[in-house]
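Here is how names work: the chains are called A, B, and so on, in the same order as the sequence lines, proteins then strands, and each is numbered from 1. Side chains included, hydrogens not; waters and symmetry mates left out as well; all remaining heavy atoms used.
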Amino acid sequence: MFNLKKISEFAYELPEDQSMKVPGIIYINDTLLKNFTNDEPIKQVRNVASLPGIVKASIAMPDIHMGYGFPIGGVAAFDYDNGIVSPGGVGYDINCGVTLIKTNLKYQEVRNKIADIIENLYKSIPAGIDHKSSLRLNQQSLSNILSEGIYWALENGYATENDMLNTEESGKIECDASYVSEKAMARGINELGTLGGGNHFLEIQRVSSIMDDKTSKMFGMEPDQVTIMVHTGSRGLGHQVATDFITEILNSGEGIKNENDKQLTSVYISSKIGQRYINSMNAAANFSFVNRQIITYKIRKVFEETFKRDYESLGMDILYSLAHNMAKQEYHIIENTKRKLLVHRKGATRAFPAGVAEGKFSSTGYPVIIPGDMGTASYVLVGTQENMKNSFGSSCHGAGRVLSRKASNEKFTPESVLRELNDRGIYIRAATKKVITEESPESYKDIDEVIKVVNGANIARPVLKLTPLAVMKG
DNA sequence: ATGTTC
């Protein structure tokens, strides 16, 4: 087991190691450290610290758990000219992320309709594996989605200008989408507007407490307001892009091998493979932005039918739609020098504060949306100035698993989890029994404790807390 | 996460 050095109440440093080019820092406290049953995630932080061109530190957020190569909850930035890009540092679900939709409805107005709404959402939005979209896309439309992102949704009536402004990167990352394989395209063409499975979900929530009144007001949010949260990504298309490039890099001889972990494969950003991966990753990210937008469109339709009012009069604006599995080209100040970096956030959220965030969020900072588990709570936060220096303006992305899916399935029964949710007044519609046990609240770390570390380590400040009323799982 | 083992 690693002998971690406590550097503050909310941060630990890995012991020095000859392989490490930079320090390894984990933002965590004693309580959350007790969740570790093995040191694999910590080894992954160490392995990332050995990669060429890494800048400042290999960082992990309090929701850290084991991933492919890089830990989930990991942040690592590489010099754009001399550093690497790693598909495992982005994750298989490229631009997996969260959209939070506001309403002007209060809890009292929806409480008797919750079950109907979820059942109608379940009919309207395909969920789980092998549930195909009702949208019929042709190849040209799919190509446009990959290169134009939300602009395609805007042109086709699925998005408004406002939706675009409320989406990270305005829902479009510049890229040459022609490198995306036919196989990835074939998997994606029937999956637009589908939720997927596993930890992906759709939730109806209410604002249960406000920690930052001023920012909440600026976000247009108040106590007992009803919100809808969507967590999904780029589906089979992004998964195939990741698979394609991991396979190609491993077979190419260009991959930078890591003696500690064969899975931790990467290539230089400047290499041809690296450039093709970055373009393909960005295309998959655009697909994911559109996927969440189409789901938003379908949610609005269901609410319009339920309340017999149009979605604008229901106040159904997107607060924000963000990515938490991406590598992004960004400029950061490192030792008084502005440097061009590729910031890998794998299960980590961009958290630029006021003054660094752009557009309509320049005076608040971008909303940082952190879902907990399906039985507990989620949070909206904003980043801090101090954290721009510490972790490239990044926050954690969720509670983080504490039990593996396998362990969860062995430990819980669907009936016990359903009873628990029912006792808490949470209505659930799940595609399979297995996902109910896999995603049991006890499979995740305590979100309140994770937020305590995020706040204590000055990563981000809590703005408001959301409590689930009903959940749909794929 | 994932046409849940090309």
- Length of the CG-P vector between A/D63 and B/dA1, whole Å: 13 Å
- In whole angstrom, what separates A/N325's CG from B/dA1's C1'? 8 Å
- Message: By the 4.0 Å heavy-atom rule, please label A/E438 as base, sugar-phosphate, or nothing.
- Response: nothing
- Here the salt bridge (charged side-chain N to carboxylate O under 4.0 Å, His left out) pairs for residues 272-291 of chain A, sequence neighbours left out, are A/E248-A/R276
- Task: For A/G233, report the nucleic acid contact type (base, sugar-phosphate, nothing); a contact means any heavy atom under 4.0 Å.
- Result: nothing
- Message: Rounding to an integer number of Å, can you tell me how far A/K473 NZ sits from B/dA1 C1'?
- Response: 12 Å
- Task: Could you tell me whether the phosphate oxygens of B/dA1, OP1 or OP2, come under 4.0 Å of any side-chain nitrogen or oxygen in A/R235?
- Result: no
- Atom-to-atom span, CG of A/L250 to C1' of B/dC6 - whole angstrom: 15 Å
- Message: Can you measure A/F70 atom CZ to B/dA1 atom P for me and round it to whole angstrom units?
- Response: 19 Å
- May I ask you to evaluate whether A/R405 reaches the phosphate of B/dA1, defined as a side-chain N or O under 4.0 Å from OP1 or OP2? yes
- Length of the line joining A/Q240:CD and B/dT2:C1', which is rounded to integer Å: 10 Å
- Which of parallel (below 30°), tilted (30 to 60°) and perpendicular (above 60°) describes A/F245 and A/Y277? perpendicular
- Hey, are A/E168 and A/R292 close enough for a salt bridge, meaning a charged N less than 4.0 Å from a carboxylate O? no
- Calculate the interatomic distance between A/L195 atom CG and B/dT2 atom P; express it in whole Å. 9 Å
- Message: Run the salt bridge (Lys or Arg N to Asp or Glu O under 4.0 Å) test against A/K445 and tell me which residues pass, sequence neighbours left out.
- Response: none
- Query: Expressed in angstrom and rounded to an integer, what is the separation of A/N199 atom CG from B/dA1 atom P?
  - Reply: 3 Å
- For A/G197, answer base if it contacts any base atom (sugar-phosphate contacts may also be present), sugar-phosphate if it contacts only those atoms, and nothing otherwise; contact means non-hydrogen atoms under 4.0 Å. sugar-phosphate
